[in-house]
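Reading through the structure tokens given below for one structure.
Side chains are part of it too, since the values below use all heavy atoms of this structure and drop only hydrogens, waters and symmetry mates. Sequence lines set the chain letters: A, B, ... in the order given, protein chains first and strands last, and positions in each chain run from 1.
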Protein chains: 2
Amino acid sequence: MDKIYSFASLQNFTLDVFRHIGCPEKEATLATEVLLNADLRGIDSHGIARLSGYVRLWEAKRVNAKPNVRIVHESPSTAVVDGDSGLGLVVAPKAMDIAIEKAKIAGTGWVAVKNSNHFGIAGHHAMMALPHDMIGIAMTNASPLVAPTFSIERLLGTNPIAVAIPANRQPPFIADFATTTAANGKLEILQRKNLNAPIGWIQTKDGKPSTDPNEAKSGGALIPLGSDREHGSHKGYCLGAWVDIFSAVLSGANYGPWVPPFVAFLNPPSDPVGEGIGHFFGAMRVDAFRPADEFKQHMDNWINRFRSAKTIEGQERVLIPGDPEREMSAQRLKEGIPLNHKVVEDLQQLGAKLGVAF
Amino acid sequence: MDKIYSFASLQNFTLDVFRHIGCPEKEATLATEVLLNADLRGIDSHGIARLSGYVRLWEAKRVNAKPNVRIVHESPSTAVVDGDSGLGLVVAPKAMDIAIEKAKIAGTGWVAVKNSNHFGIAGHHAMMALPHDMIGIAMTNASPLVAPTFSIERLLGTNPIAVAIPANRQPPFIADFATTTAANGKLEILQRKNLNAPIGWIQTKDGKPSTDPNEAKSGGALIPLGSDREHGSHKGYCLGAWVDIFSAVLSGANYGPWVPPFVAFLNPPSDPVGEGIGHFFGAMRVDAFRPADEFKQHMDNWINRFRSAKTIEGQERVLIPGDPEREMSAQRLKEGIPLNHKVVEDLQQLGAKLGVAF
């Protein structure tokens with residue numbers, strides 16, 4: 001069913017598409033790097049599979065290919081950035097750069113972003129801090145698909161959080177996950193394969209447990225991490241709420257049910273409470289706390305101890321966050337990236353429409 | 001079974017106990033305020049029920065009643081604080097004060113603490129930011145009771161996170177929770193009542209699902225938020241890991257399985273990797289991002305929208321984090337605080353031992 005493409009071929013096509021919609025050369029390159037990092041790391045739902053969606057947002061004049069990304073408010077360790085309706089793929093790394101620059105001087109940097117669009121995978125932006133011996137944090141709100149505990153209304157996005165922490169000889173600790181039981185991308189996979197979801201991932205429009213991965217299309221909702229009240233779904237709801245408030249109430253973006261949808265065929269709410277969608281980034285200089293070498297040696301010790309933990313019978317190892325994605329990335333760079341036939345068709349149509357060879 | 005005590009009577013007793021072990025007057029008052037805020041807010045496991053445990057740590061010379069709490073490393077927006085083996089109930093609010101002072105100048109303040117002890121409820125410290133129109137964050141690591149996904153070894157504490165966010169006319173958003181499916185205090189309640197736990201809270205020493213709330217006493221473990229891999233326990237493991245790394249690897253405290261136990265009858269590990277247990281605090285000045293009034297009005301709007309969400313049949317309302325604890329606090333201030341008879345006996349013995357009337 002899947003066809004394998006080399007990373008370079010997907011890179012060339014994506015770059016051509018971003019050039020075609022009018023992105024300046026440097027920003028087309030940046031957007032391509034961010035988008036395809038998702039495919040490399042195995043987060044197929046957030047990579048090239050979304051390229052035609054970004055183009056449709058541009059066609060609907062909801063994405064500005066030449067944004068003036070700028071600081072509109074700041075303090076020594078903070079800034080609010082107006083993304084000027086740019087691609088989140090471009091706005092986010094620019095905002096993370098600002099957080100890193102702030103951290104160089106103030107010890108930490110924290111940047112809230114308004115007026116942006118979907119930014120790819122959160123982990124990419126958090127990882128930007130690593131070469132600077134900084135801890136990186138990235139989060140974003142997203143269109144409402146998730147019902148808080150006890151609610152039948154969808155008021156939150158899958159609102160991911162990523163944290164990247166440098167180590168010394170060990171690869172870095174990189175956690176990146178939706179604050180729901182399962183990311184929407186996992187439901188999309190079940191939809192394509194006509195499989196059921198486990199109980200605890202989704203609910204019907206009346207709030208009853210469901211195993212139908214298409215439930216959200218008929219008024220159902222995704223469920224916060226924890227699955228139900230007895231197993232802590234109120235905690236997952238809190239996590240999603242923080243991401244929403246930090247990303248959008250701090251920045252002046254739309255929050256909760258007012259977040260505009262990613263799909264261009266749905267109109268944004270007619271009563272916005274802010275501008276675009278919101279992100280939040282943090283960079284913490286390790287040596288603003290203790291010498292970087294000391295910290296990184298202790299991170300090695302932490303990682304070694306957890307990775308060598310005794311496992312439950314039948315399980316091979318205890319994973320360190322970032323392990324599976326790093327291994328996937330190395331493999332796909334070498335062996336190529338598999339694309340689902342529906343994604344291939346979609347990209348062929350996109351190429352034909354824009355006159356760009358796929 | 002429970003006996004009701006007025007807040008004032010518990011306050012007087014607790015204050016006398018902290019004076020008795022040698023806390024200076026101001027610090028005895030502070031420790032009392034922090035400890036009993038747990039009882040007021042309904043987090044019975046973290047309040048006066050632990051008082052005799054703190055005293056036993058002092059008897060074992062693991063708590064220093066007259067600590068020299070001091071900054072040992074800093075940048076404009078960060079500090080590392082050495083708690084000098086003080087009560088966490090005293091060290092934590094001092095560290096949070098430093099975060100708040102940093103935020104006044106740098107926009108945000110971030111303080112990692114080493115060489116401390118248990119600090120009561122995380123929510124108390126996060127809430128200290130609210131009167132300053134700041135967002136407060138507090139977290140701590142704790143003795144290892146939790147097995148990462150696929151592990152049979154206990155490598156993490158229940159590692160709570162709290163976030164307090166100010167609003168305007170609405171009460172603040174205050175989330176405070178263990179990063180496990182259920183806090184250890186909930187298991188203690190089941191133990192006292194001889195009841196079973198739901199599947200997904202605990203595992204046996206071999207990593208099999210269990211409903212026995214005493215499982216941790218025979219080598220079993222608590223489970224990270226998410227309950228199992230299919231429902232996202234790896235995300236709960238990531239959350240607990242961040243808390244551990246931010247609190248202890250950044251500060252120079254003990255992390256993972258090296259965190260010293262709260263109970264005095266168990267010795268700390270003989271091969272420490274740092275000093276004491278660790279905490280992490282943050283304070284973000286709202287107007288370092290946007291005017292505070294604007295932010296707080298949008299928080300009111302956020303809270304109103306979520307609180308008025310349509311509920312699942314049979315559920316009264318969608319909760320805003322902090323609602324139940326605020327209501328409990330008002331009720332208990334007025335009507336008194338119920339104490340389990342085992343806690344009463346323990347406090348009577350403590351009073352008799354120290355010559356302090358209970």
Fill in: Contact check, side chains of B/Pro76 and A/Pro76, non-hydrogen atoms, under 4.5 Å
no
Practice prompt. Sort out for me which of A/Glu294, A/Met284, A/Glu74, A/His234 touches chain B most, counting heavy-atom pairs under 4.5 Å.
Written response: A/Met284
Worksheet entry | Portion of A/Ala182 that has a non-hydrogen atom of chain B nearer than 4.5 angstrom | backbone
Worksheet item: Is it true that a side-chain atom of A/Lys235 and a backbone atom of B/Asp176 form a donor plus acceptor pair closer than 3.5 Å?
Response: no
Worksheet entry | Derivation of the side chain to side chain contact (heavy atoms under 4.5 Å, CB included) call for A/Glu316 and B/Phe150 | CA-CA 8 Å; A/Glu316 197 190 332; B/Phe150 300 154; over 6 Å; no
Item to complete: Between chain B and each of A/Thr78, A/Thr179, A/Asp206, count heavy-atom pairs under 4.5 Å; write down the option with the most.
Response: A/Thr78
Worksheet item: Using non-hydrogen atoms only, which part of A/Ala183 is less than 4.5 Å away from chain B: side chain, backbone, both, or neither?
Response: backbone
Discussion item. Quick check for you: to the nearest 0.5 Å, what is the distance between A/Ile312 atom CD1 and B/Glu153 atom CD?
Written reply: 11.5 Å
Discussion item. Would you say that A/Val318 contacts B/Thr149 through its side chain, given a criterion of any heavy-atom pair below 4.5 Å between the two side chains?
Written reply: no
Discussion item. Could you check whether any side-chain heavy atom of B/His231 comes within less than 4.5 Å of a side-chain heavy atom of A/Trp201, counting everything from C-beta outward?
Written reply: yes
Item to complete: Select one option (side chain, backbone, both, neither) describing which atoms of B/Ala248 are under 4.5 Å from chain A's heavy atoms.
Response: backbone
Worksheet, complete the sentence: Ranked by heavy-atom pairs below 4.5 Å to chain A, first place among B/Val249, B/Ile105, B/Thr180, B/Leu156 goes to B/Val249
Discussion item. For the aromatic rings, using the six-membered ring if either is Trp, is the centroid distance between A/Phe177 and B/Trp242 under 6.0 Å?
Written reply: yes
Worksheet item: Got a second to check how far A/Phe289's CZ is from B/Phe280's CZ, nearest 0.5 Å?
Response: 4.5 Å
Worksheet entry | A/Leu239/B/Leu239 under side chain to side chain contact (heavy atoms under 4.5 Å, CB included): CA gap, chis, key distance, verdict | CA-CA 10 Å; A/Leu239 287 172; B/Leu239 287 172; 3.5 Å; yes
Worksheet item: Below 6.0 angstrom between ring centroids: does that apply to A/Trp110 and B/Trp110?
Response: yes
Discussion item. Nearest 0.5 angstrom please: A/Asp287 CG to B/Ser75 OG, how far?
Written reply: 8.5 Å
Worksheet item: Measuring heavy-atom distances to chain A, does B/Ser308 have an atom under 4.5 Å in its side chain, in its backbone, in both, or in neither?
Response: backbone
Discussion item. Please identify, among A/Ile199, A/Val72, A/Ile320, A/Leu225, the residue contributing the most non-hydrogen atom pairs under 4.5 Å to chain B.
Written reply: A/Leu225
Worksheet item: Relative to chain B, which segment of A/Ile174 carries a heavy atom at a distance below 4.5 Å: side chain, backbone, both, or neither?
Response: neither
Worksheet entry | B/Glu230 vs A/Lys186, salt bridge (charged side-chain N to carboxylate O under 4.0 Å, His left out): CA-CA, chis, key distance, verdict | CA-CA 11 Å; B/Glu230 190 171 71; A/Lys186 292 213 173 163; over 6 Å; no
Worksheet item: At a heavy-atom separation under 4.5 Å, does A/Ala241 approach chain B through its side chain, its backbone, both, or neither?
Response: both
Practice prompt. Rounded to the nearest 0.5 Å, what's the gap from NZ on A/Lys310 to OG on B/Ser151? Could you check?
Written response: 9.0 Å
Discussion item. Can you tell me which of A/Val80, A/Val286, A/Ile223, A/Ile152 forms the most heavy-atom pairs within a distance under 4.5 Å of chain B?
Written reply: A/Ile152
Worksheet item: With only heavy atoms counted, which part of B/Ile71 is less than 4.5 Å from chain A, the side chain, the backbone, both or neither?
Response: neither
Discussion item. As a quick check of understanding, evaluate ring-ring contact (aromatic ring centres under 6.0 Å, His included) for A/Tyr255 and B/His298, giving each step before the final call.
Written reply: CA-CA 9 Å; A/Tyr255 45 80; B/His298 277 287; 5.6 Å; yes
Worksheet item: Just wondering, do B/Arg290 and A/Leu250 contact through their side chains at under 4.5 Å, heavy atoms?
Response: no
Which pairs would a plain distance check flag for residues 158-165 of chain A, meaning a side-chain donor or acceptor within less than 3.5 Å of a matching protein atom at least two apart in sequence or in another chain?
{"residue": "A/Asn159", "atom": "OD1", "partner": "A/Ala142", "partner atom": "N", "Å": "3.2"}
{"residue": "A/Asn159", "atom": "OD1", "partner": "A/Gly157", "partner atom": "N", "Å": "3.4"}
{"residue": "A/Asn159", "atom": "ND2", "partner": "A/Gly240", "partner atom": "O", "Å": "3.0"}

Worksheet item: Under the side chain to side chain contact (heavy atoms under 4.5 Å, CB included) test, which residues partner B/Glu101, sequence neighbours left out?
Response: B/Lys104
Worksheet item: Between A/Ser233, A/Ala106, A/Gly232, which residue shows the highest count of heavy-atom pairs closer than 4.5 Å to chain B?
Response: A/Ala106
Worksheet item: Distance from A/Asp244 atom CG to B/Trp302 atom CH2, nearest 0.5 Å?
Response: 6.5 Å
Item to complete: Considering only heavy atoms and a distance below 4.5 Å, find which of A/Pro198, A/Ala112, A/Ala147 pairs most often with chain B.
Response: A/Pro198
Response to the item:
d(B/Leu319 CG, A/Arg229 CZ) to nearest 0.5 Å is 7.5 Å
Fill in: Donor + acceptor pair across side chains of B/Thr108, A/Ser77 (<3.5 Å)
yes
Worksheet entry | Among the listed options B/Pro257, B/Ala79, B/Ser251, the residue most often paired with chain A at heavy-atom distances under 4.5 Å | B/Pro257
Item to complete: Step by step, work out the side chain to side chain contact (heavy atoms under 4.5 Å, CB included) result for A/Phe295 and B/Ile245.
Response: CA-CA 10 Å; A/Phe295 174 86; B/Ile245 293 166; 4.3 Å; yes
